[in-house]
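Working notes, structure below.
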Amino acid sequence: MCLIISIIFTALAYTFFQDGNMQGFYINISIALFFILLMARNILKTKSIKDNERKN
């Protein structure tokens, strides 16, 4: 879900960039980066949990 949302906001940011609306670009790219960070955090957290389960 985070991947889909980040792709949508990246596309919106690109559209705003093409129109010259830098405020909209910065807002949308920051939201997209936030969701990418959430996704990366979730992947790393799940990986560490699975590694701990394999060790036990």
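Just so it is clear, the structure is predicted and the values come from calculations on it, not from any experiment.
- Ion pairing of K55 with D51 is absent here, as no side-chain N (NZ or NE/NH1/NH2) approaches a carboxylate O to less than 4.0 Å.
- Considering only heavy atoms from C-beta on, M1 stays 4.5 Å or farther from F35 through its side chain.
- Interatomic distance, Y14 OH to D19 CG, rounded to the nearest 0.5 Å: 10.5 Å.
- Between the CE atom in M22 and the CD1 atom in I27 there is a gap of 11.5 Å [rounded to 0.5 Å].
- Listed here is the closest heavy atom pair of I29 and A13: N-CB, 3.8 Å.
- Within the model, atoms CD1 of I31 and CD1 of I36 stand 12.0 Å from one another, a figure rounded to the nearest 0.5 Å.
- Residues F25 and F16 come closest through the heavy atom pair N-CB, 3.6 Å.
- For the atom pair CG (N42) and CG (L38), the distance works out to 8.5 Å, reported to the nearest 0.5 Å.
- For the atom pair N21 CG and N28 CG, the distance stands at 9.0 Å (nearest 0.5 Å).
- For the atom pair CG (L12) and CZ (F17), the distance works out to 15.0 Å, reported to the nearest 0.5 Å.
- The main-chain N or O of L3 is found under 3.5 Å from a side-chain atom of S6 such that the two form a donor-acceptor pair.
- By the neighbour-count criterion of 12 heavy atoms within 6.0 Å, atom CD of Q18 is densely surrounded, having more than that number from other residues, nucleotides or ligands.
- Between S30 and L33, the closest side-chain pair of non-hydrogen atoms is not below 4.5 Å.
- Each of I5 and I7 belongs to its own hydrophobic cluster when Ile, Leu, Val, Met, Phe, Trp and Tyr are linked at side-chain heavy-atom distances under 4.5 angstrom.
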